[in-house]
Amino acid sequence: MKAIRIHEFGGPEVLSLEDVPEPRPAAGQVVVRVRAAGVNPVDTYIRGGAHAVKPPLPYTPGLDAAGVVEAIGEGVTRLAAGQKVYVAGSLSGTYAELTLCAESQAHTLPRSVSFAQGAGVSTPYATAYRALFQRARAVPGETVFVHGASGGVGTAAVQIARAAGLRVVGTAGTEEGQRLVSEQGAHDVLDHTAPGYLEQLAGLTGGRGPDVILEMLANVNLNHDLGVVAKGGRVVVIGSRGTIEINPRLAMTRDATVLGMTLFNASPQELASVHAALGAGLEAGTLRPVVGRELPLAEAARAHEEVLKPGAHGKIVLIP
Ligand code: NAP
């Protein structure tokens, strides 16, 4: 089968399309025929070799995909060949025609959700869900500020929060992005490139500030977040691409909490809970992954360049 392989860590040019043996499922494993593979910023960090997760070389990248179960190993009871699934993590990598998964990594994808959309479920939606409910413990009626709402995690967070009865304010850096955030269900949308945009938050939240902030670029925004979050508020650091100086007094005077998170730290029980919730949302139609761009598998290098550029409007997916 065709798969993208990485023989050395480095820039996008290290991604090459090659012929590799087809995976076979051992006990408790399934093989999924990939119809679309999701591209996430983390795939580029891992490829660069500087991420905490450092796979042995050579490897096939990719954590997310959607497709059809091709074969199941001994003892697999939850899935059957022919079933439409989305993949949340993979043993062999998802940038390939076939991917090998543990049974627990494949989840039913409703008929109403396309394969391209399914490839955009796992990392973005699981991250958004975990940030909102397992880390920030958000409850209906609270206000969440999605700081960076136009990307994969942001659009997921807006949909999840809106469906759960939270008041949602999101940001984007372009007009198109702002429209997208509004379409996903945000009650109010701000432009994170406009001077003084955070001053509008107080007005939008009755002077209190948001109870929860989901932060996509903490190295730029964390200190500002601590200046606008509500008393007793929680800021979840989802994304950060550098360092920042903060004034701890801002957190002190608000009894505010800064929470880190990475999806890789979620326990199997927490992940099972996350995917049960996501499955329900996909089935009900409250969760509708936004696909921005479909590229052929062979163009993985281009996808890795595009995924780090500003102005994201939905997921980039690779089609084998
Ligand atoms: P993405 O699709 O590329 O989206 C990036 C988002 O950041 C866009 O909404 C972008 O808005 C926004 N942004 C750009 N400049 C900003 C600013 N000054 N202030 C606030 N937001 C700004 O990426 P993603 O997949 O959603 O991931 C977002 C971040 O979370 C990435 O850094 C990723 O590595 C990280 N992440 C972490 C975890 C975890 O487990 N902790 C999991 C998944 C992702 P515009 O393009 O409209 O300007």
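First listed ligand is number 1; within each ligand, the first listed atom is number 1.
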Considering only heavy atoms of [X], which atoms of ligand 1 have at least one such atom less than 4.0 Å away?
X      : result
Tyr45  : 31 (C), 32 (O), 33 (C), 34 (O)
Asn221 : 17 (C), 19 (N), 20 (C)
Gly173 : 45 (P), 47 (O), 48 (O)
Leu217 : 15 (N), 16 (C), 17 (C), 18 (N)
Arg241 : 31 (C), 32 (O)
His147 : 20 (C), 21 (N)
Val307 : 3 (O)
Ala172 : 47 (O)

Exercise for review: Decide whether an N or O pair under 3.5 Å exists between Val42 and ligand 1.
Suggested key: no
Point to revise | Distance-only N or O hit between ligand 1 and Val237, under 3.5 Å | key: no
Point to revise | Between Ser16 and Glu18, a side-chain donor and acceptor under 3.5 Å | key: yes
**Study point:** Gln105 and Ser90 side chains, donor-acceptor separation under 3.5 Å
**Key:** no
What is the closest protein heavy atom to [atom], and at what distance does it sit?
atom                    : value
atom 37 (C) of ligand 1 : Ile238 O, 3.0 Å
atom 10 (C) of ligand 1 : Ser150 OG, 3.8 Å
atom 22 (C) of ligand 1 : His192 CE1, 3.3 Å
atom 40 (O) of ligand 1 : Leu263 N, 2.8 Å
atom 2 (O) of ligand 1  : Gly152 N, 2.9 Å
atom 7 (O) of ligand 1  : Met216 CB, 4.0 Å
atom 42 (C) of ligand 1 : Thr127 OG1, 3.1 Å
atom 5 (C) of ligand 1  : Gly151 CA, 4.5 Å

Check your understanding: Is Pro310 near ligand 1, meaning one of its heavy atoms is under 4.0 Å from it?
Key -> yes
Point to revise | Ring geometry between His275 and Tyr86 (parallel below 30°, tilted from 30 to 60°, perpendicular above 60°) | key: tilted
Review point. Between Tyr197 and His147, what is the ring plane arrangement, given parallel below 30°, perpendicular above 60°, and tilted in between?
Key: perpendicular
Check your understanding: Would you say the side-chain atoms of Thr94 pair up with the backbone N or O of Asp64, donor to acceptor, closer than 3.5 Å?
Key -> yes
**Study point:** His7 side-chain N/O to Pro58 backbone N/O, donor-acceptor pair under 3.5 Å
**Key:** no
Given side chains that start at C-beta, do those of [X] and [Y] come closer than 4.5 Å, heavy atoms only?
X      : Y      : result
Ile160 : Leu278 : yes
Ser122 : His107 : no
Arg130 : Arg135 : yes
Pro55  : Ile46  : yes
Tyr59  : Arg47  : yes

Does only the side chain of [X] get under 4.0 Å from ligand 1, or the backbone, or both, or neither? Count heavy atoms.
X      : answer
Lys315 : neither
Val153 : both
Pro41  : side chain

Check your understanding: Near Arg241 CZ, under 6.0 Å, is it more than 12 heavy atoms from other residues, nucleotides or ligands?
Key -> yes
Check your understanding: More than 12 non-hydrogen atoms from neighbouring residues, nucleotides or ligands closer than 6.0 Å to CD on Glu13, yes or no?
Key -> yes
Review point. Same hydrophobic cluster for Ile238 and Val274, using side-chain heavy-atom links shorter than 4.5 Å among ILVMFWY?
Key: yes
Check your understanding: Among Gly148, Gly311, Gly260, Gly154, whose heavy atom sits nearest atom 46 (O) of ligand 1?
Key -> Gly311
